[in-house]
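Just below is one structure, and these are the notes that go with it.
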Amino acid sequence: MRPLQRLRADLSTGKNLEIYVTALIALGVGVLGVVGAVNPTVVSAATLATLALLAVNALGPRLQVTALERQVAELNRLVSEKISGDVSADALLTTVKEGLDQRIARGEDIRLAGVTLSRTIRNHFPDLESRLLRGASVKVLLIDLAAGVAQEAARRSTVAEHPEIFENRVRSTLDLLRRLAAAPGAGERLAVRFMPYVPAFGLSMVDPEGEDGVIHVELGTHHAPGPDPVFTLLAARDPHWYQHFLAEFEHMWKTGRAAGPEDGFPGHDS
């Protein structure tokens, strides 16, 4: 682009106006100084003002470049950590199942596995009931009291002398699940099974067979206060480990004992 064309384009769009103003002032002061039309003191002051304006104009791009350099350096650091595997555990683990409420509220295929699931079923009971009434399927896996697993759970939690803690939690969960199963039509879409062992982790899965499925994996602890650590897998983002834990649930489900009339549930199971 020719100089005059560039000047016309910049003036019409308001770009680089400070540069043109600075050049115009400098040119005017220079001409006036040469012909002696103004006092030399005024010329000197105008010259210093022009230099100050130039310095201010140059400061903006420098700050932008500095900020960009910092951003590039941070990006390089994150990429290096990702490649080397040197990623903080805080970036992977949390104590909440982010977005699970919203997922369950619209899920069509909900699968839950854990030791007692007392807090999970209680917290999500209204949404689970609503989804069952709207045709969604819900699968629930928890420990089998009939197989004496509560004692194992107590030992693993370092309260071996108090298996009743887990027994009471499981019974509370079963009471809620029976209420869900009693809803009109829900009994055929709610399936409950019992594991003859304490699972190494808990799973909360919503639409796991779909492209936008999600799996929250909750790591069990022995006697740590507060919520257990959780990490989240997405079907599109984490295909390898997503399929790994999906297969784990399927294996746990196949080896579990189906809840039946003796447990207070309809005989239907799938």
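Because the structure is predicted, anything quoted here is derived from the model rather than measured.
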For [Y], does its backbone N or O pair with a side-chain atom of [X] as donor and acceptor, under 3.5 Å?
X: S172; Y: N168; value: no
X: S130; Y: P126; value: no
X: R179; Y: D175; value: no
X: T173; Y: T116; value: yes
X: D207; Y: D109; value: yes
X: S157; Y: A154; value: no
X: Y197; Y: D144; value: no

query: Can E218 and K97 be said to form a salt bridge (Lys or Arg N to Asp or Glu O under 4.0 Å), step by step?
result: CA-CA 9 Å; E218 187 172 8; K97 300 168 187 175; 3.2 Å; yes

Is there a side-chain contact between [X] and [Y], using heavy atoms and a 4.5 Å cut-off?
X: F201; Y: D228; value: no
X: P199; Y: V115; value: yes
X: F166; Y: V159; value: yes
X: Q151; Y: E167; value: yes
X: V170; Y: I143; value: yes
X: F194; Y: L142; value: yes
X: L128; Y: I104; value: yes
X: L177; Y: V140; value: yes

Taking all non-hydrogen atoms of both residues into account, name the closest pair between [X] and [Y] and its distance.
X: F249; Y: L112; result: CE1-O, 4.0 Å
X: G107; Y: A136; result: O-CB, 3.5 Å
X: A259; Y: F265; result: CB-CD1, 3.8 Å
X: A235; Y: G210; result: CB-O, 3.7 Å
X: A113; Y: M252; result: CB-CE, 4.1 Å
X: A181; Y: L190; result: N-CD2, 3.7 Å

Does atom [atom1] ([X]) have a neighbourhood of more than 12 heavy atoms from anything else shown, all under 6.0 Å?
X: E211; atom1: CD; result: no
X: E98; atom1: CD; result: no
X: R122; atom1: CZ; result: yes

message: Among R189, R131, R103, exactly one meets salt bridge (charged side-chain N to carboxylate O under 4.0 Å, His left out) together with E108. Which residue is that?
response: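 Result: among R189, R131, R103, R131 is the only option passing the salt bridge (charged side-chain N to carboxylate O under 4.0 Å, His left out) with E108.
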
field: Worked check of side-chain contact (heavy atoms from CB on, under 4.5 Å) between D101 and H124
entry: CA-CA 7 Å; D101 290 346; H124 298 291; 2.6 Å; yes

- prompt: What orientation do F245 and W241 show, parallel under 30°, tilted 30 to 60°, or perpendicular over 60°?
  reply: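 Tilted: the ring planes of F245 and W241 meet at 30° to 60°.
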
Same apolar cluster: [X] and [Y], side chain cutoff 4.5 Å:
X: L219; Y: M195; result: yes
X: L174; Y: I165; result: yes
X: M205; Y: V230; result: no
X: F125; Y: V192; result: yes

query: Does the pair V149 and E152 meet the rule for a side-chain contact (heavy atoms from CB on, under 4.5 Å), with working shown?
result: CA-CA 5 Å; V149 187; E152 179 189 348; 4.0 Å; yes

- request: Evaluate salt bridge (Lys or Arg N to Asp or Glu O under 4.0 Å) for E262 paired with R257, printing each intermediate quantity in order.
  value: CA-CA 12 Å; E262 69 276 12; R257 177 179 69 85; 3.5 Å; yes

message: Working note: R111 + E209, criterion salt bridge (Lys or Arg N to Asp or Glu O under 4.0 Å); need CA distance, chi angles, decisive distance, verdict.
response: CA-CA 11 Å; R111 308 180 192 181; E209 306 286 352; 3.4 Å; yes

field: Between H216 and T232: side-chain donor-acceptor atoms closer than 3.5 Å
entry: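 Yes, because at least one side-chain N or O of H216 sits under 3.5 Å from a partner of the opposite role on T232.
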
- prompt: Is R178 salt-bridged to D263, cutoff N-O under 4.0 Å?
  reply: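 Salt bridge flag = no for D263 with R178.
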
